[in-house]
Structure formats: structure tokens, C-alpha cells
Amino acid sequence: MDSPKQSGTTGKTRLLLVRDEFLFCNRIYKIFLGVEFKMTIQHIAAKEISNIVKDITVGEIMDKLEIPPDTSFGDLAFPCYILAKQLRQSPALIAQSLEEKLSKSDVFEQVKAVGPYLNLFLKQAPIAKNVLTEIFTMGADYGSSKKGSGESVTIDLSSPNIAKPFSMGHLRSTVIGNSIANIAEKLGYKAIRINHLGDWGTQFGKLMTAYEKWGDEKRVKENPIKELNILYVRFHEEAKVDDSLNDEARSWFKKLEEGHSGATALWKWFRDESLKEFQKIYDLLNVSFDSMQGEAFYNDKMLPIVEELTEKGLLLESEGAMVVDLHEAELPPALIKKKDGASLYVTRDLAAAKFRQNTYDFTQSLYVVGHEQSLHFEQVKKVLHKMGYEWANDMHHIPFGFILQDGKKMSTRKGKTILLEEVLKQMISQAEHNIKEKNPTLANKDKVAELVGVGAVIFNDLKQSRLNSVEFNIENMLRFEGETGPYVQYTYARASTLLMKGGWQKSDDCELHDILKEPYVWELIITLEKFPAVVERAFRDYEPSIVSRYVIELARYFNQYYGKIRVLSGTDAEQQLRLTLVKVVTIVLKDGLRLLGIQAPEQM
RNA sequence: GUCCCAGUAGCUCAGCCGGAUAGAGCAAUAGCCUUCUAAGCUAUCGGUCGGGAGUUCGAAUCUCUCCUGGGACGCCA
């Protein structure tokens, strides 16, 4: 507990740089190399305090240190309550006496007792210098680490259903999964993006029935997803009054399973046309996949799974179906085979999980799928566990909330889905409209409008905790002010313009000198410094919103600085110093947005 | 009925590995462009943190219980 080498949970290799023998200021520099701010400063502060207070360990002090709610309370604070019992003194008195003893310390600029708190102010200049140095040294890699050491992480994302429209719901899986993949890569993992397409199942029987009865080849070719969806919706409407349609659908799907040529050709056609449409959306979102193998790919891999389950004596007959009993895990039994012998969802995911482990040798396998499927993934994991696969523990379901309409989940069957493509179009044209109004001379208008419109859609989805259900509201989304993607992009564009106009040049000098005293500069430094910790936390929690909130915070501080201080003013030296600060902000803003899957235009 | 998720300002959300006056954005009101992009900044207004009980020096945060909304719970995926 007494050495920084043991206390940090992050950045192992870089922690080796820490040496207790260093001078205090030096130590601050070294410890700041990529180690979580709070932990590090806490450690230094805790050591200092422990020199005076012997009744409590460094670790305990460190745990209690906190970042105060307001900068006027300093950079760190130590609540003295915990010492009150042992010292039999009031917390306020303890704080007072600590202030006296610690004010001689050369770690802190200032130590101040405020009520029961001991407020600690850090020496700003060395910290600022170190943060800037590190950002310039690493560039866009600032915040990255080797933590993942090349381990594979498979990420199941997007997974739209063939012949159905790409809804806002699929958007969530796509952007959340893509962002988690980006974050994983930043931390040194090899991310494998898998688009587990819904390209098999009884819905194809329904579709074929509908197409045969009411379909029109030309119309489907012109507008595949839309036409197929109309057919799908019509099927459900007509099947309500005519149950024989369901029988027909079943027989079509049976033909497909048996490899009937006509059925297979139709299936392939539906699939190809759908993929073409999906690709347009992926291009816009700037998302690509390492694997697009869908459910159909696992058709021939399910029988071996069933056999394996049988061999291992896990398969039981129940009400005519074959199941794996999971009552010891307090879960309902997992259905493996239907009465008619056909396989089910669980079977397919078992085959897919095993295939992924064999193919990619993952150390983590993530499934970015709606939270309504939590039980399903628990079952799959448990069955694999019973089969003796330890790696089942490395599978994690990453659930997210619904996109609601009037407080209800959207339904494909009733055709009430909101189409992502429509939304994207609307957002891009809003961005176009804004550009015409605000910056009519901008070059590359179309491209910028696309980046901004799409960025707004992605950010809107990633700005809140993924488990929240969100009510779809186009009016809110069309607003490009406040906590939005365009706000961050705009901040980046303004900052980039400053660099251009001011003719910023890289210099080896990373001291901020008098600029450090300007308002919001220290806030910016501290915020920039915690970026690596933010990236780590975002991956630990599989939570892109940690990055999106961070990026908003950084942008806000920058805008406040921009509003208060005229960057291009004063002496040349001063101007260059400010631009140095501006430059590091752009580096982190751009990379933060990149982690979310959003591009940052230099001008907008 | 059982299990999972959520309930914080008029609206959308942070904060929830316990700590100082509970923070943002939107909306409302009032300001700031003859000097770096006003997609911005500043200020004001706005909260019984769903209700109750418990643990604690201290609870939005932990425990229990109840209420409300959403979801899942064997042959869809």
C-alpha cells in the first residue's frame, strides 16, 4: 500500500516510472504520465498526510480523498471525519492542524482548512507542462494504452434483419457497438466487429408467401426494403383473418431449409437487395465489419452442437421439445430443439459462440443487443458453461434501452417503425440549411452537412447511458445547440480556424507561463489530463456515454475560454502559447469524437 | 406471479465504488457580434432526488419495503 507501483489499478508499465526518490515536482511529472489523475494525486497527497497522521494507512487516506465540487475548494480535498474518532477531536480542528503542518509541503501550492475539509491546491505549472508534453508526444494516441495487449474482443453489433427496414433500434446497436470497438482498439485490444445478420428464420416463409401472392418483381427491385416491408406488414394483417397463410409460410420456410432451388433463389435475392441498402447506411455512419456472417451461416453448425449436448448428457426431453435444464442456476430451461426437430435461437447462438471462440480466440465476447434479450444470453452462457467451456465467462451481454414512440416500443410488424434512412436525410438537410444560413461561403458544403447531420444522429444516441430508453423526438434531434454532436464539432472547427489564422507552430516549449493564469485554462488542463482515465472507464463499463459527456465538458470549457479570452491578441509569444493550448484541445476533441464514431470537420 | 431495467428542475439527462450549497442542456426571461465562426458566451428563474423505513457522524448514492412505467418469462429472433 505504500508504493505507487502497487496502488494504481491502471497503466502498470508507466507506473514503473515513478520513483519515490524523485523531488516532489519531478514526481508529479512522472506520475502524471498516463496515470489516472485522482489516484495519482491522491497518492501523493495521501503520502504527505500520512507523514503527519500515523493512525491511518496511505491507502485509507487515498480512498477518502475526493475531487471537490468546485474549483474554489482546490483540486483535491480530504474530509477529516474519519480521523475524528481516533484522534478524539472535531473534524474541523483536525483540518486546522493538518493545514498548519502541511503548508510547509512542497507538493501543494496551497493547503486550506475549510470546516471539516482540508482543501489541497496543486502546483499548476509542472502539471500543465506535463499534460501538454504528453499530448504532443503521443498526438492522436494520447489516452491510448497497451492494456489490451493485442487480445481479441469480438463485438456483436448492428445485426439487422434482412428484408426489414433498418430501424432506429438497430442504430443503437450499431453506434454503441462501433464506439465500444473504437474504445477497445484505443486500449490495445484487437476489436472484431461482427454483424450477425438476421438472414434466416420463419419470417422468410412469410415473406415468400406474401411475395408470391401480392409481390411485383419490378417494384421490389426499385425499392427493395420498402416493398418487402409492405409485403411483410400485409402478411400479418391478412394472416389475422386467414390462418392458412401461416401454414403456407411454414411450408415455404421448410422448402428453404431443404434447399429447394426456387425458395433459395428468392432468399438470396431478398438478402442481396437488403444488403445493398444497408451498405448505404453503413457508409454514411462510417461503420465497417470484420464479419457479416449471419444466422444462415450457422445452419450446418447446429447439428454438431446438438450432438455434443447429447453426448454430454445435457439434453432432456420436455413436452416434446429438447431442452437443457438450468434450474440450478434459477433459469428457465433453454430450448434447443422444437417438437418438429427444428433448431432455435439458443442453438444458433451456441454454435455462433463456439465458432467465435475457435476462430478468434477472444478474451472477451461482447453482444450489443437490446436488454429484452438478457435472459436469452444468460441461458446461452449457462449452457456453454455446463458444456465445460470456461470461456463462457468472457461473454458479456451489453444491453441497451428501447427507442420508444409514444412511450411504447416500436413494432416492425405493424409497420410503425421509424426509418433510420429518413432520419439521416432529414438531419443532413437540416445541417445544410444551417450552413447556408450561418456560413454560406463554406467550401465542401455537402460533405460537411453530411458529417454534421450524421454526427448529430450518432451523438444523440450516445450521449446518455445506454440502458435508458429514449423517446424518439425528431424536433429535439434537429436542434443543433447545447449538448449535441454539432456543438462539439463546432467547437473543434472554431479551434481549428484559430490555429490556421494564428499560424500556430509546434514548439518544444510546453510551458504555458502567464497564460496559465487566464480563466478556464486550469480547468482545461485538468480536463485534458483525465482523458486517458475516461477512455479506460468507458471500456470498463462498456459505456460510450462516458466519452460523449467528457467531450461535451471539454468543449464547454473551451467555449468559455474562447468567450472570455481573445486568443489572437497580445504579443506573438502570448499568442503562440494560447494556440498551443488550443492545439491540444483540438487533438483530444477530435479523438474523443472519433471514439464515438463521429468525424470532425475543420470548418463548418 | 417471478426476474431484469428505470423513476433527480416544466422537458431530456448527469451525478449513484456514501461526504461541502444536488449539476448540465432544452424551454422561459434579461444581456453580449464596427476585433478570432452567435451551431457560441454571460446572468436570472426553476428540484419534497417516486413514497416510507433502516444503516451511518453524514444517504440522490448502500439495505429493506411499497408505488409507478417499461421489458423478459418454452417451441419467434
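To find a chain, count down the sequence lines: A is the first, B the second, and so on, and within it residues start at 1.
Within 4.0 Å (heavy atoms only), Ser465(A) reaches sugar-phosphate atoms of the nucleic acid but no base atom. When heavy atoms are screened at a 4.0 angstrom cut-off, Pro68(A) is found touching base atoms of the nucleic acid. Heavy atoms of Lys85(A) sit under 4.0 angstrom from primed sugar atoms or phosphate atoms, though from no base atom. When heavy atoms are screened at a 4.0 angstrom cut-off, Asp70(A) is found touching no nucleic acid atom at all. Contacts of Leu375(A) with the nucleic acid, taken as non-hydrogen atoms under 4.0 Å apart, involve only primed sugar atoms and P, OP1 or OP2. Residue contacts for Phe402(A): at a heavy-atom cut-off of 4.0 Å it reaches the sugar-phosphate backbone alone, with no base atom in range. Note on Tyr487(A): only backbone sugar-phosphate atoms sit closer than 4.0 angstrom, heavy atoms only; bases stay farther off. Ala493(A) comes within contact range of at least one nucleobase, with a heavy-atom separation under 4.0 Å. Here Leu442(A) lies out of heavy-atom contact (under 4.0 Å) with every strand. Base contact: Asn119(A) has a heavy atom under 4.0 Å from a base atom. Among the atoms of the strands shown, none is found under 4.0 Å from any heavy atom of Gln203(A). Looking at heavy-atom distances under 4.0 Å, Ala84(A) makes no contact with the nucleic acid at all. Nucleic acid contact class of Gln489(A) (heavy atoms, under 4.0 Å, all strands): none. Counting non-hydrogen atoms under 4.0 angstrom, Leu344(A) reaches the backbone sugars and phosphates but no base.
Comment: Arg578(A) engages Glu518(A) in a salt bridge, judged by a side-chain N to carboxylate O separation of less than 4.0 angstrom. Glu450(A) has a carboxylate O that lies under 4.0 Å from a charged side-chain N of Lys447(A), or vice versa, which qualifies the two as a salt bridge. Between Lys530(A) and Glu553(A) there is a salt bridge, since a side-chain N of the basic residue sits under 4.0 Å from a carboxylate O of the acidic one. Ionic pairing of Arg356(A) and Asp156(A) is present here: one or more N-O contacts between side-chain nitrogen and carboxylate oxygen are shorter than 4.0 angstrom. A salt bridge links Glu483(A) with Arg556(A): at least one charged nitrogen is closer than 4.0 Å to a carboxylate oxygen.
Listed nucleotides rA77(B), rU37(B), rC26(B) differ in distance to Thr497(A); the shortest reach to its side chain belongs to rU37(B). Checked against rC36(B), rC5(B), rA20(B), the side chain of Leu467(A) finds its nearest nucleotide in rC5(B). Taking only side-chain atoms of Val114(A), from C-beta outward, the nucleotide of rA39(B), rG74(B), rA20(B) with the closest atom is rA20(B).
Not one side-chain nitrogen or oxygen of Lys337(A) sits closer than 4.0 Å to the OP1 or OP2 atom of rG74(B). At least one side-chain nitrogen or oxygen of Tyr520(A) sits closer than 4.0 Å to the OP1 or OP2 atom of rU42(B). For the OP1/OP2 pair of rA39(B) and a distance below 4.0 Å, the side-chain nitrogens and oxygens of Tyr490(A) include at least one atom meeting the criterion. Phosphate contact (OP1/OP2 of rC13(B), side-chain N/O of Asn476(A), threshold under 4.0 Å): absent. For Arg549(A), no side-chain nitrogen or oxygen approaches OP1 or OP2 of rG23(B) to under 4.0 Å. Regarding contacts with the backbone of rG25(B), every side-chain N or O of Lys463(A) stays at 4.0 angstrom or more from both OP1 and OP2. Within the 4.0 Å cut-off from OP1 or OP2 of rC36(B), not a single side-chain nitrogen or oxygen of Lys501(A) is found.
Regarding Arg556(A), its CZ atom lies at a distance of 9 Å from the C1' atom of rG23(B), rounded to whole Å. Rounded to whole Å, atom C1' of rA27(B) lies 11 Å from atom CD of Glu481(A). Rounded to whole Å, the distance from CG on Leu326(A) to P on rC3(B) is 18 Å. A straight line from CD of Gln575(A) to C1' of rC36(B) spans 9 Å, rounded to a whole angstrom. We find that CD of Glu483(A) is positioned 5 Å from C1' of rA24(B), with the value rounded to whole Å. Put simply, CD on Glu543(A) is 13 Å from C1' on rG15(B), counting in whole angstrom units. Across the protein-nucleic acid pair, Phe558(A) atom CZ and rA38(B) atom P stand 12 Å apart, rounded to whole Å. Between Tyr561(A) atom OH and rU37(B) atom P the separation is 15 Å, expressed in whole Å.
Ile162(A) CD1 to Leu207(A) CG: the interatomic distance, rounded to the nearest 0.5 Å, is 11.0 Å.
Taking atom C1' in both rG50(B) and rC36(B), one finds a spacing of 49 Å when rounded to whole Å. The gap from the P atom of rC33(B) to that of rU42(B) amounts to 16 Å, rounded to the nearest Å. Distance noted for atom P between rU65(B) and rG23(B): 32 Å (whole Å). Spacing between rA22(B) and rC16(B) at atom C1', rounded to whole Å, works out to 12 Å. Across the P atoms, rG25(B) and rU44(B) are found 12 Å apart, a figure rounded to whole Å. Going from the P atom of rU48(B) to that of rC5(B) covers 28 Å, rounded to whole Å. Remark: the separation of the C1' atoms in rC11(B) and rA28(B) is 12 Å, to the nearest Å. To the nearest whole angstrom, the two C1' atoms, one in rA59(B) and one in rC45(B), are 28 Å apart.
Stacking annotation: Tyr562(A) is stacked on the base of rC36(B) (ring centroids less than 5.5 angstrom apart, interplanar angle below 30 degrees). Applying the 5.5 angstrom centroid cut-off and the 30 degree plane-angle cut-off, the aromatic ring of Phe73(A) is stacked upon the base of rA20(B).
When the nearest nucleotides of RNA chain B are assigned to Arg494(A) and Asn468(A) by heavy-atom distance, the more 5′-ward of the two goes with Asn468(A). Two residues, Gln560(A) and Glu317(A), neighbour RNA chain B, and the one matched to the more 5' nucleotide by heavy-atom proximity is Gln560(A).
A donor-acceptor pair is defined here as one N or O able to donate and one able to accept, closer than 3.5 Å; such a pair exists between the side chain of Thr484(A) and the backbone of Tyr487(A).
With a 3.5 Å ceiling on both atom-pair distances, rC45(B) lacks any Watson-Crick or G-U wobble partner. rU34(B) makes up no base pair with any nucleotide shown, lacking Watson-Crick or G-U wobble contacts both under 3.5 Å. With a cut-off of 3.5 Å on both Watson-Crick or G-U wobble distances, the partner of rC11(B) is given as rG25(B). The nucleotide rC62(B) finds its pairing partner in rG54(B), both defining distances of the Watson-Crick or G-U wobble pair being shorter than 3.5 Å. Under the Watson-Crick or G-U wobble criterion, with both distances below 3.5 Å, rC73(B) is paired with rG1(B).
Glycosidic conformation of rC33(B) is syn; the angle stays within 90° of 0.
A donor and an acceptor atom never sit less than 3.5 Å apart when one is taken from the side chain of Ser374(A) and the other from the base of rG71(B).
Residue His371(A) is tested with Phe400(A), Phe402(A), Phe377(A) for a ring-ring contact (aromatic ring centres under 6.0 Å, His included); the sole match is Phe402(A).
Judged purely by distance below 3.5 Å, without hydrogens or angles, the side chains of Gln293(A) and Tyr298(A) never pair a donor atom with an acceptor atom.
Listed here is the closest heavy atom pair of Met427(A) and Met477(A): CE-O, 3.1 Å.
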